[in-house]
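Take a look at the structure set out below.
Chain letters run A, B, ... following the sequence lines, proteins first, then strands; residues in each count from 1.
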Amino acid sequence: MKKLITALVIAALLLTLSSTSVYAGSGGVTGQGKGGNTRPTVDGVWLVETSSDTAVTAMSPLAEYRVKATLGDINTIDDIQTVEFHIYHTSDGSNWDADETAIFKWTKAGGWTMENGSATTTWAMGTNTAPSVFTGTAGDWYLGFRPGKLAQADATANWHASVEVWDEHPSQTGTGSGGNASMGAYNEISVDVGTIVFGIAAGIEPSQTGYIEAPASHYLTTQVASNATYALGSKSDATWSDGGINTITLTGTTDEPPLTSGYFSLIIDDQQTGASDGIPKTSQAVTSTNVTITGLGTQGRTETIDDGNEGTSDKQFYMALSFAVDGINEVTYSGIITFTVTN
Amino acid sequence: MSRLDNSRGGLISVLLLLFLVLAIFSPIPVVHAQEVGIAMAGTFSQQEFELPQGTEVSSPSVYVVVFNHLSEELNVQMLFTAPFGVEVLFDHAIFTLPAGGEQKVYITVKVTEDAVPGEYEIVVAAEATPKEGEGLKIATASAQKASLVVTGESALIYARVVSPDGDPIKAQVRLFKVIEDKLNELALNETGILEAKIAPGIYKVIAYIAGRTLAEETVEVKAGDSKEITLVVRTVYFEQFGIEPNYNPDTELLAFVRIVYSINNLYQAVSNAEVILVVNRDDNLLEQVSLILLSRLDMGRTGGSYSYLPAEGWQAGNYGLKLELYIEGEFYNDSSEEELLVTLPAAPLGLSVVWWIVAGVASIVIVIVIILAVRRRREEIAKKRRVERARRRREEQARKRREEIAKIIILLGKHREELIKKGREEIAKRRRVERARRRREEQARKHREEIAKIIILLGKRREELVKKGRKERIRRRREKRARRRR
């Protein structure tokens, strides 16, 4: 029994000794240890200007900004293999979506890429910077980017950046997020109008009203892309002129024909009365100041879907031109009709 | 084209033919148009201006950008719509955009004293001007609108940025109007001082250095107020702080924790910066360890690492590790706290009763040995501490002795100087006495000489008198004898 106890004590002592062999030294302990490849860390994420580290609080589509990410790894940042940057609205997504989530990536082997896949986009990379020295335990990565034109502008929610970093072990990641910036509104408008003919090709009789006869669709199309709610309006020059003494004046009313000599009326609507007749359904006068076209006061932004292309919101307009009974000379008048998109 | 000829009959067919020909060349209602397009981005539509009469807002953050996405150049004119008394100024009002070009236009909103208080909407638009030519032209315009509240009341706000010591700091200061949790920038200054006339409301002032938000304050300003705001910024901070547990390769037990940190100094070099590791176990302070003491902490990033093992060894519990930064002995900043859960090794499962007994006995023995080891370690630590204290005492005593010796040397020096001074005075005094004595002796000698001369003279006189007396006596005797003879 004594031998057994002695053996047990010796065994226990051996066990104890082996488990308490720690390594003391001045200024911190030294000795061998198994560190277990600590995860890389994301120590800070900011949205900053291109020329400085000044924080951005308001962004604008198609202008360049940067995401600054301070990353760390106790085993030195040379361990870091991949860094993924997301610039997102409200909540971070895992797929590219031009109006909600843009994804960029840095890999040690391949450098910087924009992860939009096959989707056409106006998001773009700017000037990027990765650390030049990887021997330290912390470093700064700068992603230069230009928000796409449809990156949504939302008065109630902002854009942020998130960063995920991987080291040599794919399961070892660090994450972090930061930045808080609003997105400014963006709108663009174009009108595809080859040749428009009011009335018949021969013209419009005084006291009569002509409609869009060519193109055969009887309308013209505005193509709008906007990242925020918008309104579409129109206006016309107050007078049209032949470049000489002959002028005609816009009534700013829906009179057909205008009651005053030498006046003309311009009427617009986004619907027609019947199938393919080109006659504006609801008469709305075009005036010399921009007036929102009825029914187009609050249009939703142009949305995109996951991995989808950026598109436009198209609107058709039907117009009518009406001359007064008299005071209209037989000349060619010039004038400008302006379509305005307003955020 | 307008047909004014109302004639009817046989001429109709001729006229129709004529009209068709005319329509090909220049009929009024035919529009020869082209694809035109313009785009606008920017921050103007986000603005909710709230300005007192007689003020303006002109911030780098209030702008629009006009784009030409076409393949030919575009003439652009900036226009605005605003209420009476309100002016909208563009730094670029008319410009030409090349194909694919863009122009950033900064906007100033100026509310004159003539503006009537109220709520308004202001619109800025970039209008593409069609090229000259005949016929009806289609133009496009991009616009943004913002809200404007003109107030008749105003207040003043004065913000400055200082260090914890109260010294002015050159920082970027930005003033925002808070409207329904949304920040509307009103003013910006890079000098660390910002002053503005504002409408009553809630404002946020933020101080930045190198793009990092270092201090901010939200205040409510009422009409007539003159609000002063002092933003205290800490320009040195822990940018990184991480811990890495290291395990004994044989026992898989926690051996030590490697601590890695970096300090970022944004503003200027500071003296006497010390990093102290503060360790808690189960929310109770365990110990504080000085990791680094720098006589000078330069601007930029300074990193360090440290391998930590508690003085009493690892115990089961939840450890919290945090770094504190002291500058000139005063607390300045701290890091976030890293947590480390330390557990004791679990008992092995699925063993026989004998092994349980063996394990139990072994555990008891291990516990005893651990206790002994811990006690020994504590004793060693205590001994080390005693030795350390003794060494410190000795050093302290040596230092005091050195100080005392230095004091004595100083005193001796002073005393020596005093003695030298006294000696010099004594010598001078003695010399003076000697000179006086010599003068007295000289005078005495002269007196004696004079006396001797006088004595000699007196002696000569006496001799002369004696001679004279003798001669007299001789003469008298001769006379007496003569008389006798006579």
Original post:
For residues A:Ser226 and A:Asn343, is any side-chain donor paired with an opposing acceptor at under 3.5 Å?
Top reply: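 Their side chains do contain a donor-acceptor pair, which is all the 3.5 Å distance test asks for.
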
Subject >> Test item: side-chain donor near acceptor, B:Ser61 and B:Ser59, under 3.5 Å >> reply: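 The criterion, which ignores hydrogens and geometry beyond distance, is satisfied for B:Ser59 and B:Ser61.
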
Heavy-atom side-chain contact between [X] and [Y] under 4.5 Å:
{"X": "B:Val260", "Y": "B:Ser305", "value": "yes"}
{"X": "A:Phe264", "Y": "A:Leu321", "value": "yes"}
{"X": "A:Thr57", "Y": "B:Leu183", "value": "no"}
{"X": "B:Tyr261", "Y": "B:Leu277", "value": "no"}

Picking from [options], which has the most non-hydrogen pairs under 4.5 angstrom with chain B?
{"options": "A:Val56, A:Thr54, A:Thr70", "answer": "A:Thr54"}
{"options": "A:Lys149, A:Met183, A:Met59", "answer": "A:Met183"}
{"options": "A:Thr222, A:Asn187, A:Thr340, A:Asp43", "answer": "A:Asn187"}
{"options": "A:Ser182, A:Gly44, A:Gly243", "answer": "A:Ser182"}
{"options": "A:Ala138, A:Gly136, A:Gly72", "answer": "A:Ala138"}
{"options": "A:Thr156, A:Thr137, A:Val48", "answer": "A:Thr137"}

With a 4.5 angstrom heavy-atom cut-off, could you sort out which part of [X] is near chain B: side chain, backbone, both or neither?
{"X": "A:Lys235", "answer": "side chain"}
{"X": "A:Thr41", "answer": "side chain"}
{"X": "A:Val341", "answer": "both"}
{"X": "A:Ser52", "answer": "neither"}

**OP:** Start with the C-alpha distance between A:Thr135 and A:Thr76, add both sets of side-chain angles, then the distance that settles side-chain contact (heavy atoms from CB on, under 4.5 Å), and finish with yes or no.
**Re:** CA-CA 6 Å; A:Thr135 52; A:Thr76 78; 5.8 Å; no

Quick one: what part of [X] sits under 4.5 Å from any heavy atom of chain A, side chain, backbone, both or neither?
{"X": "B:Leu291", "answer": "neither"}
{"X": "B:Gln144", "answer": "both"}
{"X": "B:Glu239", "answer": "both"}

**OP:** Mind listing the closest non-hydrogen atom pair of B:Ala128 and B:Ile38 along with its distance?
**Re:**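 Minimum heavy-atom contact is N-CD1, 3.9 Å.
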
Original post:
Which atom names give the shortest non-hydrogen contact between A:Val286 and A:Ser234, and what distance separates them?
Top reply: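 Smallest heavy-atom distance, with atoms named: CG2-OG, 3.9 Å.
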
Original post:
Does a side-chain N-to-carboxylate-O contact under 4.0 Å join A:Asp140 and A:Arg66?
Top reply: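 Judged by the 4.0 Å cut-off on N to carboxylate O distance, A:Asp140 and A:Arg66 do not form a salt bridge.
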
Subject >> Greatest number of heavy atom pairs closer than 4.5 Å to chain A - which of B:Phe44, B:Tyr208, B:Phe176, B:Tyr63 >> reply: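 Among the listed options, the one with the most contacts to chain A is B:Tyr63.
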
Original post:
Which one of B:Glu102, B:Glu185, B:Arg174 has the most heavy-atom pairs closer than 4.5 Å to chain A?
Top reply: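 Most heavy-atom pairs within the cutoff with chain A belong to B:Arg174.
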
